[in-house]
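This report refers to the structure that appears directly beneath it.
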2 protein chains.
Amino acid sequence: MNVRRPATLASLAAELGVSRTTVSNAYNRPDQLSPELRKRVLDTARRLGYPGPDPVARSLRTRKAGAVGLLLTENLSYAFRDPAAVGFLEGLALACEDAGSGLLLIPANPEREDVASVHRAGVDGFVVYSVPDDDPHLAAVLERPVPAVVCDQPSIENLDRVGIDDSRAIKTMAEHLIGLGHRKIGVLCMRLARARNDGPASVQRQENASFHVQKKRLTALAEAFEAIGIDWEQVPVVERFDHTIASGESAAGQLLESNPEITAIMCTSDILALGALNETRNRGRRVPEDLSITGFDGITEAERVGLTTVRQPMLEKGRAAGRLLLDAGEPGRPREVRLDTQLVTGSTAASPRSVEERWFGP
Amino acid sequence: MNVRRPATLASLAAELGVSRTTVSNAYNRPDQLSPELRKRVLDTARRLGYPGPDPVARSLRTRKAGAVGLLLTENLSYAFRDPAAVGFLEGLALACEDAGSGLLLIPANPEREDVASVHRAGVDGFVVYSVPDDDPHLAAVLERPVPAVVCDQPSIENLDRVGIDDSRAIKTMAEHLIGLGHRKIGVLCMRLARARNDGPASVQRQENASFHVQKKRLTALAEAFEAIGIDWEQVPVVERFDHTIASGESAAGQLLESNPEITAIMCTSDILALGALNETRNRGRRVPEDLSITGFDGITEAERVGLTTVRQPMLEKGRAAGRLLLDAGEPGRPREVRLDTQLVTGSTAASPRSVEERWFGP
DNA sequence: CTGAAAGCGCTAACAA
DNA sequence: TTGTTAGCGCTTTCAG
């Protein structure tokens, strides 16, 4: 009984001497036949080892898969390593649960072009979370005749979308640092394009970035700093492909090595900031006395160590995305959910000390 | 192009004046037709807005869904809150990714009996993770004519299984405490049955537990303590339905209130132990000087605070489960993977102080 | 309350 | 290299 499918709805019907409709009804519309008959059907089913209507055949017929597909930037497994992504997943799962829908995680390796997994996915719609604008998987999703909602990406055609005001959010942080007196800063950012680059990101590369969110944040930072007369060309931006604490460490190392004069490091994620924090302290520099460090996301780990960061509601993001997808809106009238963020004033950003203080103590 | 399915493989074939096979081959077996024809097919497809073969119809025909279903004890969303579960998910996702398979999270509310989600799941097999022996969802999975592997559960029929030696693992911890001199202990455990119970768990309830792992651990503890002449009936065991730090806190409070004489609290999970740690300290008792606390799992958070615990390889568990399911073994010869665990001697367990020391200091 | 008819959209032998 | 034939297993009008 555990490896083949001996019985089908048809064979059951034959065995019982009733029509297939009746058997189908026994499962799907109990009120459409007498309790006795229904019991007889179900009993015979058990006896024959009939496992109930085949879900795939049913889906084909009803045109409902009962599942939502999730397409992510990262390997599935990485997603579980990033607390922000986990928060998003939790929210999305919540929405799916409410709707009784399954959640299909699609195995999309960002470094490969293989979109078969998208074609193969039997789902009623897709949530696309922060993939690059030119990702072939995204293109494959768009070709599928099912709805999709994008999150942390530019809006597309007439798709629903959820996100935050990345520009506003990071500008608030920039202004916070500027207010504290920082003028020499360095930036650590996540992957800007599908092609791997671990190192400085030129302004040109920043402008060509295909990861919407990262690009948005960098652009906003440029604006914020140019507004006070700082030449963005001179601001060092270091990029990392992998989004890990170790990446943050090495990136911070690289930054501090090449730009020892900076008084603050702004990171586009908490994970990177956590790494930067480690590296800075390992080099014997104190935070925030010698160097200020800021993050982005507001993950638990970051808030625990008192990171100065921007908190965004990841769980709500996931939930909103799921809801949008599941309670279909009116076609042709795409909806947009924009969530709020807030500055978290932790203990990793302070006024830069003057040069004298640096050398001679306060 | 984004809400209906105008074209089908058949209509495309008709339009092109070729057979359906040819169109199918254009997608699935490029080598079976001339490049020119293939190009013509694909071009026409694009023109007609044909999105490629329907995944559900294909699944029906090929009898392959390209996805693995995951059934969990908890609401999907809770799973993302428990670092141990996240570790498991990560490992499972890794295995799925390697096989190019999707991972379908099945919305199974443990407090409801609705198993439709299991019936509806279009998957090639199931991974069942730590659900109670009498869970109707589990029963539903067993009825499906697809393979399944269970994890942290008793072996079933001829299903593959992965787990650890729970008994051995927790006995090692018990012996560690006994070696330190503890004789008066209390226990905090997770949910023992589907029916909610937040409070003391009688021996009877322990014996009737339907959560295999919890039962196994309690039984092993009973053995370990009876071996040194302690009457297990007298050992207070406090159960919590929700697996959260807050639960650990309240359970520890309850335990310390009713059994102030205990010198150690053994918890069957790190999450509970983390809660116990908070509660104990909030009550002004020092750990481990006044009270020893131990956990189980070895989650990052626990190791960071120096919890004395048992580490189990959650990621490997998930990966092993996925692999077992995906590279099908020989039918009728169920496999079993048993992973190793290790005692982590942290800083939350020490010798109990003598009564004099308790009152008068060391 | 039950049955007959008509596919859902696709793939896989097997022939040609 | 391409086409013919036969379903995969189910649901759903529409009559009876």
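Letters go in sequence order (proteins before strands), and every chain restarts at 1.
- One can place CG of A:N25 at 10 Å from P of C:dC1, the figure rounded to the nearest angstrom.
- Applying the salt bridge (Lys or Arg N to Asp or Glu O under 4.0 Å) rule to pairs touching residues 10-27 of chain A yields A:E15-A:R47, sequence neighbours excluded.
- Taking only side-chain nitrogens and oxygens, B:S19 never comes nearer than 4.0 Å to OP1 or OP2 of D:dT4.
- Dashed line: the shortest gap from a side-chain N or O of A:S59 to OP1 or OP2 of C:dC8 is not under 4.0 Å.
- Summarising the geometry, the separation between NZ on A:K64 and C1' on D:dT12 is reported as 17 Å, rounded to the nearest angstrom.
- Residues that satisfy the salt bridge (charged side-chain N to carboxylate O under 4.0 Å, His left out) test with A:R81, not counting sequence neighbours, are B:E90.
- No more than 12 heavy-atom neighbours from other residues, nucleotides or ligands sit within 6.0 angstrom of CZ on A:R46.
- Across all strands shown, B:V56 has no heavy atoms under 4.0 Å from either base or sugar-phosphate atoms.
- With sequence neighbours excluded, the residues forming a ring-ring contact (aromatic ring centres under 6.0 Å, His included) with B:Y27 are B:Y50, listed by chain and number.
- The CG atom of A:L12 sits 12 Å away from the P atom of D:dT11 (whole-angstrom rounding).
- In this entry the distance linking CZ of A:R58 with C1' of C:dG9 reads 18 Å, nearest Å.
- Atoms CZ (B:R40) and P (D:dT1) sit 16 Å apart, rounded to a whole Å.
- Here the rule is salt bridge (Lys or Arg N to Asp or Glu O under 4.0 Å) with A:D152, and of A:R338, A:K317, A:R161 only A:K317 fits it.
- A:R63 has no side-chain polar atom (N or O) that falls below the 4.0 Å cut-off from OP1 or OP2 of C:dC8.
- Listed by residue number, B:N28, B:R29 are the residues of residues 26-37 of chain B with a heavy-atom contact under 4.0 Å to DNA chain C.
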Would you list the protein and nucleotides 5-7 of chain D atom pairs, both N or O, that sit under 3.5 Å from each other?
unit_1 : atom_1 : unit_2 : atom_2 : d
D:dA6  : N6     : B:R20  : NH2    : 2.9
D:dG7  : N2     : B:R61  : NH1    : 3.0

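- For the pair B:D54 CG and C:dG7 C1', the computed distance is 14 Å after rounding to whole Å.
- B:H119 places its NE2 atom 16 Å from the C1' atom of D:dG9, with the value rounded to the nearest Å.
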Show me the donor-acceptor pairs within less than 3.5 Å that the side chains of residues 93-104 of chain A make with the rest of the protein, sequence neighbours left out.
unit_1 : atom_1 : unit_2 : atom_2 : d
A:E97  : OE1    : B:S77  : OG     : 3.2
A:E97  : OE2    : B:L76  : N      : 2.5

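- B:D134 has a carboxylate O that lies under 4.0 Å from a charged side-chain N of B:R194, or vice versa, which qualifies the two as a salt bridge.
- The environment of A:R38 atom CZ is dense: over 12 non-hydrogen atoms of other residues, nucleotides or ligands sit within 6.0 angstrom.
- Of the residues near DNA chain D, B:T22 and B:T62, the one whose nearest nucleotide (by heavy atom distance) lies more toward the 5' end is B:T22.
- The existence of a salt bridge linking B:K39 and B:D43 is confirmed by a sub-4.0 Å separation between a basic side-chain nitrogen and an acidic carboxylate oxygen.
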